Structures are given as structure tokens and as C-alpha cells.
Amino acid sequence: MRHAQFLARTVFVHNNNVEEACRLLNRILGKEEIFDQFRRTRFYEKPFQVRRRVNFEKCKAIYNEDMNRKIQFVLRKNRVEPFPGCS
Amino acid sequence: MSMKTTVLAGFHYMRQCAHYAIAPRNSYLHTSAFLAKAEDRKEMLASLPAKDEGTIGEKSVDIDTLITRKEKFFPDASTATQLFNGIPFNELPICNIRVSPNNTIISVTDYKGVPRLIRSCGIEGFKNTRKGTNIAAQATAVSISAKAVELGWKTVRVKVRGLGPGRMSAIKGLQVGGLNIVSITDNTPVSWNPPRPRKQRSL
């Protein structure tokens with residue numbers, strides 16, 4: 001994936017806090033699934049493995065969606081200020 | 001696995017005893033032995049500590065505190081001419097770190113990309129598997145940063161490429177060695193339609 005050097009995937013370091021900057025960069029790259037794709041393409045993934053992985057991801061997404069809905073349902077509030085004293 | 005095998009072994013033993021009483025000894029065919037082996041390996045792999053890839057914070061789900069922070073974390077159009085220690089950002093020397101599971105190579109180039117210094121864990125005196133450790137990466141980084149400071153390059157930008165145990169510790173080592181790191185860039189080559197990679201390792 002070509003990108004502008006030192007503009008894309010770049011994080012500044014503040015107060016010599018290298019670790020914080022690294023963690024931020026790693027978190028973003030992890031969330032964007034760039035590391036996942038990198039690891040996946042080190043070795044050939046056979047078609048049956050691709051199918052299995054994609055199906056698993058689908059199931060997981062459906063489960064997560066339903067679970068999030070349930071959690072939102074349990075946590076719902078029916079008052080003017082939903083969390084008094086928290087704003 | 002352990003539970004299952006003990007049960008199976010007990011069962012076989014009982015059958016054997018019964019046979020001894022009534023008939024001469026037969027040879028027994030155990031078909032579950034190789035299964036036990038596979039399960040053993042799975043158990044072993046699961047019990048191993050997670051491999052260090054220098055990606056601390058990859059899985060963390062932090063509440064984004066960046067919004068409340070005043071500092072600028074990401075570059076923009078004006079970054080190229082921004083001064084760091086009297087040098088504009090795009091004329092700062094670059095420190096390239098090439099990380100792999102088995103080695104770490106660090107090179108320092110000027111802003112055009114002409115290499116001036118290069119060190120790797122292998123050159124540093126670490127051999128074989130010891131090359132691919134975070135300690136080796138840190139030692140290499142410290143020694144190369146001392147050389148870079150001798151050249152008069154105190155402020156650098158860092159470019160990291162690849163995943164491996166040296167990823168985090170090399171950057172830390174550069175700082176320990178006396179370099180002032182302005183920014184960290186990830187330069188890992190990732191493609192979504194790559195040529196066919198090599199076949200999978202058989203474990």
C-alpha cells in the first residue's frame with residue numbers, strides 16, 4: 001500500500017514519551033487490521049482456510065451486534081438526565 | 001487430553017486383564033495414540049506465552065484521551081516546514097529500523113535517504129537465535145545512536161518496518177543512546193492483493 005512518506009502512519013513524540021507514541025501507532029494499525037493483514041500474508045492461506053476464517057468472522061460480527069443490542073437494552077434509561085451527577 | 005488418555009488406558013488395561021483370564025495374549029491396536037500427540041501439541045502451544053512482536057497496545061481498547069490533549073499527534077500539511085531543534089521536519093535525518101522475527105537492522109540516513117550508518121544485531125555480536133531478541137535490538141540501537149550523535153545528528157525521525165521482538169525495544173534503545181526522536185512512522189509493507197506467499201510452515 002503506497003502512501004505519502006512521513007504523512008501517513010506517522011505519530012509525533014511528545015516529552016520524549018516514545019512508548020506512548022508507539023502504543024498509539026500500534027493501536028491504530030491494529031484497529032485498522034493492517035497488522036492482521038501483514039501476518040496473514042506471510043504464508044499462503046489456502047482457500048478452505050479463507051472460507052473458514054471469513055465464516056467465523058461473519059458469525060462473530062452477528063453475535064457482537066446482537067450482544068451490543070442486548071447490552072444497550074439492559075442499560076437503557078428513561079429519565080431526563082440519563083446519568084445524574086456524571087456530566 | 002490427560003483425562004481422556006487415562007480413561008482409555010484404564011479401559012485397555014481392564015480388557016487385557018480379562019483376556020489373560022480366558023485366552024492367550026493378543027496384540028492390541030491402539031488407534032488413539034496419534035490423536036493424543038496432536039492434542040498434546042495444541043495444549044503446549046496454548047500454554048506458551050504470547051510471542052512478543054513489539055506491538056504493545058495493539059489490542060488495548062483505551063478510551064480516546066487524544067481529544068482532550070492539546071498536543072498535536074498527527075502531521076498535517078504544515079509539518080514539513082515545522083522546525084525541530086532548528087531543522088525543518090523534512091530535512092531531519094531518518095533512522096530506518098527493519099524488524100523481523102530473527103533479526104533487527106538499523107540504519108541511519110540523511111534526509112535524502114543516503115545511508116550513513118548501518119548496524120544489525122548480527123554485526124553487534126549476537127548470533128543465531130539471540131539476534132531475534134529485544135535485548136539484542138536495544139543494544140544495537142544504543143550503539144548506533146552513539147555513532148549518530150558523533151556525526152552531529154541528535155534529532156531524528158524514525159521509520160519502522162516489519163514486526164518482531166525488536167520493534168519496540170529498538171526505538172527505546174535509540175532514545176537511551178541519546179537521540180531525540182521527533183516522530184515514529186510505520187513503513188510495514190502490507191498488500192491486500194499480494195503475489196502468492198510461500199506455503200505455510202508445518203508445525
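What you see below is based on every heavy atom in this structure, not just the backbone, and it leaves out hydrogens, waters and symmetry mates. Chain letters run A, B, ... following the sequence lines, proteins first, then strands; residues in each count from 1. What you see is a predicted model, and the numbers here were worked out from it, not measured in a lab.
Contacts with chain A (heavy atom to heavy atom, under 4.5 Å) involve these residues of residues 159-171 of chain B, listed by number: B:Lys159, B:Gly162, B:Leu163, B:Arg167, B:Met168, B:Ile171.
Remark: B:Arg198 fails to qualify as a cation-pi partner of A:Phe43 under the 6.0 Å distance and 45° angle criteria applied to the six-membered ring.
The contact between A:Glu20 and chain B is made entirely by side chain atoms (from C-beta outward), counting heavy-atom distances below 4.5 Å. Only the side chain of A:Leu29 has a heavy atom closer than 4.5 Å to any heavy atom of chain B. Both the backbone and the side chain of B:Gln200 come within less than 4.5 Å of a heavy atom in chain A. At a 4.5 Å heavy-atom cutoff, the contact between B:Asp76 and chain A is made by backbone atoms alone. Heavy atoms of B:Thr79 lying under 4.5 Å from chain A belong exclusively to its side chain.
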Please output the side-chain donor-acceptor pairs of residues 108-123 of chain B that fall under 3.5 Å, not counting sequence neighbours, one pair per line with the distance.
residue	atom	partner	partner atom	Å
B:Asp110	OD1	B:Lys112	N	3.3
B:Asp110	OD1	B:Gly113	N	3.2
B:Asp110	OD1	B:Val114	N	2.9
B:Arg119	NE	B:Glu124	OE1	3.4
B:Arg119	NH2	B:Glu124	OE1	2.9
B:Ser120	OG	B:Gly122	N	3.3
B:Ser120	OG	B:Ile123	N	3.3

Please report, to 0.1 Å, the donor-acceptor pairs under 3.5 Å made by any side chain of residues 92-101 of chain B, with sequence neighbours excluded.
residue	atom	partner	partner atom	Å
B:Ser100	OG	B:Asn102	N	3.4
B:Ser100	OG	B:Asn103	N	3.2
B:Ser100	OG	B:Asn103	O	3.3

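A:Arg9 contributes a side-chain N or O that, together with a main-chain N or O of B:Thr188, makes up a donor-acceptor pair within less than 3.5 Å. Judged by distance alone, the side chain of A:Asn26 and the main-chain N or O of B:Gly57 form no donor-acceptor pair under 3.5 Å.
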Walk me through whether B:Lys172 and A:Glu19 qualify under salt bridge (charged side-chain N to carboxylate O under 4.0 Å, His left out).
CA-CA 8 Å; B:Lys172 264 189 215 158; A:Glu19 195 167 337; 3.7 Å; yes
Working note: A:Lys31 + B:Glu58, criterion salt bridge (charged side-chain N to carboxylate O under 4.0 Å, His left out); need CA distance, chi angles, decisive distance, verdict.
CA-CA 7 Å; A:Lys31 257 192 192 159; B:Glu58 187 197 342; over 6 Å; no
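Scanning both residues, B:Ile184 and A:Cys22, for their nearest heavy atoms gives CD1-SG, 3.7 Å. B:Thr185 approaches A:Leu25 most closely through the heavy-atom pair C-CD2, 4.4 Å.
Remark: A:Val50 pairs with A:Glu45, A:Arg53, A:Val54 by the side-chain contact (heavy atoms from CB on, under 4.5 Å) rule, at least two apart or across chains.
For the set A:Asn15, A:Asn16, A:Ile28, the entry with the most heavy-atom pairs within less than 4.5 Å of chain B is A:Asn16. Of the listed residues (A:Arg40, A:Gln37, A:Arg23, A:Arg42), the greatest number of heavy-atom pairs within a distance under 4.5 Å of chain B belongs to A:Gln37.
The number of heavy-atom neighbours closer than 6.0 Å to CZ of A:Arg39, taken from other residues, nucleotides and ligands shown, is above 12. Crowding of A:Arg79 atom CZ: a count of heavy atoms from other residues, nucleotides or ligands under 6.0 Å exceeding 12. The environment of A:Lys58 atom NZ is sparse: at most 12 non-hydrogen atoms of other residues, nucleotides or ligands sit within 6.0 angstrom. Around atom NZ of B:Lys72, more than 12 heavy atoms belonging to other residues, nucleotides or ligands sit under 6.0 Å away.
Expressed to the nearest 0.5 Å, how far CZ of B:Arg196 lies from OH of A:Tyr44 amounts to 4.0 Å. To the nearest 0.5 Å, the span separating OG1 on B:Thr55 from CZ on A:Phe35 amounts to 6.0 Å. Atoms OG1 and CG, on A:Thr41 and B:Asn193 in that order, are 10.5 Å from each other to the nearest 0.5 Å.
Side-chain contact check for A:Phe12 versus B:Phe74: every heavy-atom pair is 4.5 Å or farther apart. Residues A:Ile34 and B:Trp192 meet the side-chain proximity criterion, which asks for heavy atoms closer than 4.5 Å.
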